[in-house]
Amino acid sequence: MIGLIPEMFTYPFMCRAFAVGSLIALCAALLGVTLVLKRYSMIGDGLSHVGFGALAIASAMNAAPLAVAIPVVMAAAVALLYLSENSRIHGDAAIALISTGSLAVGVTVVSMTTGMNTDVYNYLFGSILSMSEGDVVLTAVISAAVLVVFLLFYNRIFAVTFDETFARATGIRTGRLSILIAVLTALVIVIGMRMMGSLLISSLVVFPALTSMRVFKTFRGVMISAGIVSVVCLLLGLTISYLHATPTGASIVLCNIAAFFIYLGISKVREKTYNKG
Amino acid sequence: MSLISCENLSFAYEGVTVLHDLNFTVERGNYLCIVGENGAGKSTLMKGLLHLKKPSAGTLTTGEGLRPDRIGYLPQQTPVQRDFPASVNEVVLSGCLPGLGLFPFYRKQDREKALRNMEALEIADLKNRSYRELSGGQQQRVLLARALCATGELLLLDEPVAGLDPLVTAGMYGLIRKINKEMGITVIMVSHDLKAATRYASHILHLGEDRQLFFGRTESYKKSAAYHAFMGEAAVHIRKQGKAAKDPAQADKGGV
């Protein structure tokens with residue numbers, strides 16, 4: 001089986017998956033820390049369903065999938081923020097509305113046009129084969145841009161996540177910053193859902209953050225750990241998926257679950273030794 | 001010119017005025033306590049002073065070059081913060097953000113400023129500890145250090161001793177007095193604790209229902225009708241509570 005691993009890299013599609021996947025995993029994990037702490041964990045889930053609807057419509061119209069999905073999901077992200085802050089429909093309910101609504105639209109469009117084929121299955125559960133060369137370039141450019149913007153705003157994002165009132169009182173434009181976070185999340189969701197599948201992409205956002213918070217106690221520590229955990233789980237998951245022909249997204253999520261329990265174990269052991277000492 | 005002056009200032013929520021015609025001024029170096037019962041609009045006024053809420057009428061002017069975004073603010077703690085992974089240093093440094101302008105990262109002088117403020121509040125040894133593992137009093141000191149990083153002139157404190165035990169409360173009041181006297185920073189504090197307010201503050205603003213009952217120096221406040229009415233009410237309230245607590249005990253004894 002070890003011999004299969006070098007062989008894996010002779011396939012261009014696997015190399016593409018490793019490169020692009022790592023970038024996406026890193027972006028998703030970093031944003032995820034903020035989203036989880038701001039109690040916005042489900043926003044990723046809602047947006048990925050919108051992404052499914054958009055992809056279904058794009059394939060019905062024979063349009064480029066990402067070109068349709070990116071603006072639609074970004075608009076949905078801003079709309080979700082607006083709904084949860086300015087109306088009587090609160091965060092979780094707004095997400096439920098938008099996500100089930102767009103899933104319904106997507107399924108209807110699919111059944112009226114192509115029917116449930118492999119493409120649709122891949123939209124839902126992801127596939128490493130789905131990345132064309134054009135997709136790879138676009139995805140790499142977008143995730144690099146997300147990373148740079150995130151690093152430039154890192155200190156402000158910390159301030160807004162920790163204490164929005166204080167941040168607002170000291171002149172940080174928290175509204176604009178929330179929109180920025182929502183837009184970045186939307187971008188990561190769209191580029192990640194081709195590989196992970198729209199049903200599973202939000203795990204890439206939530207798991208590494210929650211896992212890292214078991215053990216690390218500073219914001220920077222959690223961020224760094226989340227990034228590493230996310231990339232390692234992605235690489236492991238992809239390898240398992242290649243070796244055993246398991247679904248890519250699901251394999252990556254299973255690795256994330258394992259990481260979560262490992263971290264949980266570490267924190268329990270640490271607590272015990274701490275109590276003894 | 002005063003640091004802050006309010007003329008006929010009013011605030012409203014959805015057309016309903018919750019505070020009418022406030023008139024008061026804050027001079028550099030003052031220590032103003034805003035007292036009043038729950039629902040008297042203390043928090044609303046706080047938001048107004050921070051420019052987070054627009055007045056519905058009247059004027060709020062800041063003078064002597066005080067920029068509205070350079071006010072140090074100590075908010076009440078939120079539930080999110082109790083399990084937030086952040087080091088003390090990260091929290092205190094975030095008070096330096098308004099000074100950065102458009103520059104994205106902290107500079108050397110920001111780190112030094114944060115350290116100076118941690119030293120002044122005697123929490124420098126907690127620098128690398130996690131905020132969520134600290135005691136309530138320590139957490140308040142961290143947030144106070146953050147507020148100090150944001151300002152050199154004016155601190156706004158929203159119930160800084162809520163939920164702290166008496167010893168820690170006394171320490172906190174001591175620190176606030178030190179900040180006011182030694183660093184020369186003007187302090188505006190919202191408080192429930194009338195005793196401490198009249199003991200430490202130089203000025204009192206007493207809000208009742210939806211209007212201002214008193215504004216002036218603490219000495220004259222102690223002679224005012226508003227003070228005696230408030231103290232009287234508080235005394236009646238305590239007596240009532242005492243009775244309620246005693247009665248069932250007596251009933252028990254009677255039963256035996």
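Quick caveat: nothing in here was measured; it's all calculated off a predicted structure. The sequence lines fix the lettering, A, B, ..., with proteins before strands; numbering per chain opens at 1. Side-chain atoms are counted along with the backbone in the values below, which use heavy atoms only and exclude waters and symmetry mates.
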Testing the basics here: between [X] and [Y], what is the closest heavy-atom pair and its distance to 0.1 Å?
X        : Y        : value
A:Thr170 : B:Pro98  : O-CB, 3.4 Å
B:Leu100 : A:Arg156 : CB-NH2, 4.3 Å
A:Phe162 : B:Gln81  : O-NE2, 3.2 Å
A:Leu152 : B:Pro104 : O-CB, 3.2 Å

Heavy-atom distances under 4.5 Å only: say whether [X] touches chain B with side chain, backbone, both or neither.
X        : answer
A:Thr161 : both
A:Arg39  : side chain
A:Tyr154 : side chain
A:Ile172 : side chain

- Query: To the nearest 0.5 Å, how far apart are CG in B:Asn89 and OG1 in A:Thr218?
  - Reply: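 So the gap between those two atoms works out to 10.0 Å.
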If we define contacts as heavy-atom pairs under 4.5 Å, which of [options] has the most with chain A?
options                               : result
B:Glu133, B:Glu90, B:Arg132, B:Arg129 : B:Glu90
B:Tyr131, B:Phe103, B:Tyr73           : B:Tyr73
B:Leu97, B:Leu143, B:Asn128, B:Thr151 : B:Leu97
B:Ala86, B:Gly72, B:Ala147, B:Ser94   : B:Ala86
B:Leu93, B:Thr78, B:Val91, B:Leu74    : B:Val91

In terms of heavy-atom contacts, does [atom1] of [X] have more than 12 from other residues, nucleotides or ligands at under 6.0 Å?
X       : atom1 : answer
B:Lys53 : NZ    : yes
B:Arg28 : CZ    : yes
B:Glu7  : CD    : no

- Of the backbone (N, CA, C, O) and the side chain (C-beta and beyond), which part of B:Ala150 lies under 4.5 Å from a heavy atom of chain A, both, or neither?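 Side chain only.
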Tell me which of these, [options], has more heavy-atom pairs under 4.5 Å with chain B than the rest.
options                      : answer
A:Phe166, A:Phe216, A:Phe219 : A:Phe166
A:Val33, A:Leu37, A:Val222   : A:Leu37
A:Lys217, A:Arg168, A:Met213 : A:Lys217

